[in-house]
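A quick write-up on the structure given underneath.
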Amino acid sequence: MHTSAQTHVECDVSLVALVGNPNTGKTTLFNALTGYRQRVGNYPGITVDRKSGLLRGLTSGKPIEVIDLPGTYSFSARSADEAVVLDVLAGHRTETGSPDVIVVVLDSTNLARNLFFASQVFELGKPVVLVLNMIDLAEARGLNIDAGLLSRELGVPVIPIVATRQSGVDELRRVIADSLDAPAPQNFAPLPESVRVEVERLMDSIVKSETGADYAPCRTESLQALLDPGGFHETRLIRQGGSWVEGELAQRRERIRATNESLAEVEARVRYSWIGKILERTVTQRQAGHHSRSELADRFLTHRVLGLVVLAVIMGGCFQSVYVWAGPVMDAIDGTFSALGAWAGKTIPAGAFQSLLADGIIAGVGAVFVFLPQILVLFLFIAVLEDCGYMARVAFLLDRWMGLLGLSGKSFIPLLSSFACAVPGIMATRTIEDRRDRFVTILIAPLMSCSARLPVYVLLIGAFVPKRDLLGGFVSLQAVALLAVYAVGFLTAIAAALILKMTMLRGAPHPFLMELPSYKRPSARTVFYRMYEQGKVFCLSAGTIIVAVTVVVWALGYYPRPASISIAHDAQRQAARGAFEAQLPEVAATDTADNPAIQPDGAAAQSRTELEERLAQINRSESGAYLRQSILGRMGRWVEPVVKPLGWDWRIGTAVIASFPAREVVIATLGTIYNLGGEQDETAGSLRQKLHSTKWPDGRPVFNLAVAFSIMVFFALCCQCGATLAAIKRETKSWRWPIFTFTYMTSLAYLGALLTYQILVRFV
Amino acid sequence: MGLLDLQAGDCGIVEGIGGSQQACKRLADLGFVPGAEITMIRPGSPCIIRIGGRCVGLGAEHQRAILLNAV
């Protein structure tokens, strides 16, 4: 992940800010203007990404940096995340510097509402360029927009474009370059005298106050603080200026109210009526607007019953594709990394470096990259559904149901995605604007049973749940057991969401208010870019952390390596080879003399196979002995008293500890620990048999149904995934939340496993 | 008259916005200003309405906040 360490040097690079309402095609335009060479960084203190890139296709002049800002309807803000647009435009954000030109992207089919935000931008005192995006759609709907007249009325350049087809983008580049030193707009929506006077007075009294020299709000900020009681701008002004600002605001508001103005409505009324007059002169409607096709589709797609059925079908198809399409690629990646590890094992002389490379780094990197196909396929679907406008309908359909959990409809897709993998699920929470809803969704996403947990369930259920049919053969007991383990994670997530909404992330329920954009054909460019971006983010941030942790676990499992173990096993190997060689002449003799029917080398080959098996067994016993001696093995025995109440022995404890960076390694670790070598598959009969025959020192078997369920419940509830924690850190921009997630999930997992074992051991 | 009284296909003209200050400002900025025409597309909670040529989903709280006049 890049940081925003790069400083904006004003004399070398000009800065252009791209702003606009949501769903205006702003990101598509940003991609078209900058190409794919973009930098993603942070704004300290908030969770919004700082996306910027250099303007492509400039023939002369100094370079121009374009910065993409989040879509917004208004400068009125409820959180620091929402305020970032005004902060950047007003030059408050030191990471970016003050923009030289502001480009406002408008949806040509919805000019009135889009110009509301533009009219707020006009008042910032900077050169503005208006972009009429989706002009083709407006024309198709019979809207005739006179861009030239609109430009003269507003006193700013107005450029019609179609960002998805890149038409008009070249002209826009030229106009942006020409506007760097252009004058700021001079035509404003005429706010009532009383409002203007009170804004001036408010700014004046803040500047003259003790703290005013450190912090002077701009006119727009003061206006929003005044007109939006309880909003972010008011809160920040009071925090920075001191409590006297509160009284000052109350007094100014009282004076505005005295002129019979409503604080909430005055700005909207004035701006919309100003815009309405301008649009009357510049836009003509050739025929009655027909939104009918989109609305016709919505008759089915947002129907309370039919809509849910369609959604279920789409989601089913999506998840099926995630498995079907990603499966072969994942196998190929897995195979490639295994082959690479085997190759490294063969070519590099045995020793710590070989093991670090093969078992540590290659295995670790492979464990990360194996998820990449799933992430890309999932984001292909999310990007298509989002870009065509369907995602807003999903949020609408499920708002009522998610509301029961205290969440909004927008949490549904991220949570559903988390059943495949929590990492893309957590990344998909970006569409949730409300910070609390987003954080609750992020924190419960890892409780959804992801695909990496499935091998553990399959192994343990296959080994310990009897194969029995229920309900006359319709349902198998094993399937019920699998469903039960999935339900443990899901039900815990519901409880966790309710508790988090009542405690740490408490807040007034967020009422549903969402534009349902007209359906449109998704742009291949936007969809591709979304996949590329998510894939890159995943590889960079999750990759670095998980590889580091894997190397640490490798080191703990590899060191120390006392010479006595290799000496003892070398002796065993020597003995086995000696026995084989001693047998050889004898075998050859028997074959030729007594039993000519048998091929002369048949018995020899058989005993060579026996020798190879014996040597492999000695090697496995050697790696098992090393593991027992290693720090990890000692930790396993050290935690035995802790895990004993869960029904586990030190070997299970070790395997579970080793699987904290990535839970999917547990089967390989169990395999190693049970002296079976590292290549254990969940279907391997031998590991299953070995589990059955493992005994406590007193001869009781270690594994039984209660232990199997205690392990499964632990895996269902525990956050054994470095990639997930890295994703949480990335999305919340703080270590606090991954640490919290890890702590609460590990505690829950331990308690859950303890309860499961202690109850089952008494009744089964 | 309020939004909750509208059946699918019914129209109304925004008279004003009540409810909490914050919700008011947000709704007003989105175009829910006195004089704007609203068509109910799908009643319920949340409902879908058409305002200014676009569709918006609104939860019950916002629906209660918007006061309407008959067309």
Side-chain angles (χ1 to χ4, degrees), chain A residues 21 23 73-76 78 107 109-113 116-117 120 141 143 224 227-231 262-273 275-276 285 289 291 294-295 298-299 302-304 307 392-393 395-397 399-400 403 408-409 508-518, chain B residues 1-69 71:
Chain A
N21 285 180
N23 305 312
Y73 290 112
S74 162
F75 280 136
S76 131
R78 284 172 307 171
D107 171 356
T109 64
N110 278 331
L111 271 187
R113 189 209 53 214
F116 175 89
F117 178 61
Q120 289 184 323
R141 288 190 191 169
L143 287 171
Q224 294 303 329
L227 297 184
D228 191 11
S262 144
L263 284 182
E265 286 169 21
V266 59
E267 187 189 3
R269 199 200 61 215
V270 170
R271 290 191 197 282
Y272 277 110
S273 88
I275 292 162
Q285 177 96 39
H291 325 275
S294 209
E295 277 175 25
D298 266 342
R299 240 180 246 177
T302 61
H303 190 273
R304 307 233 185 262
R393 275 74 183 181
F396 171 83
L397 274 171
D399 190 67
R400 217 171 357 159
S408 80
H510 196 60
F512 191 86
L513 175 57
M514 193 181 193
E515 190 185 352
L516 305 175
S518 301
Chain B
M1 193 169 79
L3 263 179
L4 292 165
D5 304 321
L6 295 188
Q7 302 294 314
D10 288 355
C11 294
I13 304 279
V14 176
E15 188 192 351
I17 305 168
S20 79
Q21 278 283 2
Q22 272 202 41
C24 287
K25 177 90 168 84
R26 206 158 185 84
L27 285 169
D29 288 359
L30 271 168
F32 292 84
V33 286
E37 188 178 323
I38 289 182
T39 309
M40 176 59 73
I41 308 284
R42 185 181 291 289
S45 172
C47 70
I48 301 179
I49 54 141
R50 187 169 60 217
I51 177 167
R54 63 193 196 274
C55 290
V56 177
L58 280 181
E61 189 178 318
H62 287 322
Q63 291 183 59
R64 275 192 290 274
I66 298 169
L67 307 171
L68 296 178
N69 280 325
V71 179

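All heavy atoms count here, side chains included; hydrogens, waters and symmetry mates do not.
- The part of A:Tyr272 that comes within reach of chain B is its side chain, from C-beta onward, which places non-hydrogen atoms under 4.5 angstrom from that chain.
- At distances below 3.5 Å, at least one donor-acceptor pair connects side-chain atoms of A:Glu265 with backbone N or O atoms of B:Ile17.
- The minimum heavy-atom distance between A:Ala268 and B:Ala28, with the atom names listed, is CB-O, 3.2 Å.
- Residues B:Leu58 and A:Leu513 are in side-chain contact: their nearest non-hydrogen atoms beyond the backbone lie under 4.5 Å apart.
- Side-chain atoms of B:Asp29 and A:Tyr73, non-hydrogen and from C-beta on, never get closer than 4.5 Å to each other.
- Heavy atoms of B:Val56 lying under 4.5 Å from chain A belong to its backbone as well as its side chain.
- Of the atoms belonging to B:Pro34, it is side-chain heavy atoms, and not backbone ones, that fall under 4.5 Å from chain A.
- No other option in A:Arg304, A:Glu267, A:Arg393, A:Gln120 has as many heavy-atom pairs under 4.5 Å with chain B as A:Arg304.
- Contact annotation for B:Ile48: both backbone and side-chain heavy atoms come within less than 4.5 Å of a heavy atom of chain A.
- Of the possible polar contacts, one joining the B:Arg42 side chain to the A:Thr302 backbone as a donor-acceptor pair under 3.5 Å is found.
- The minimum heavy-atom distance between B:Pro46 and A:Phe512, with the atom names listed, is CB-CD2, 3.6 Å.
- Of all heavy-atom pairs spanning A:Asn110 and B:Gly52, the tightest one is OD1-O, 3.9 Å.
- Of all non-hydrogen atoms in A:Glu295 and B:Cys55, the two that sit nearest each other are OE2-SG, 3.9 Å.
- Here A:Glu515 contributes atom CD and B:Arg54 contributes atom CZ; the two are 6.0 Å apart, rounded to the nearest 0.5 Å.
- For B:Ile41, the part lying under 4.5 angstrom from a heavy atom of chain A is the side chain only.
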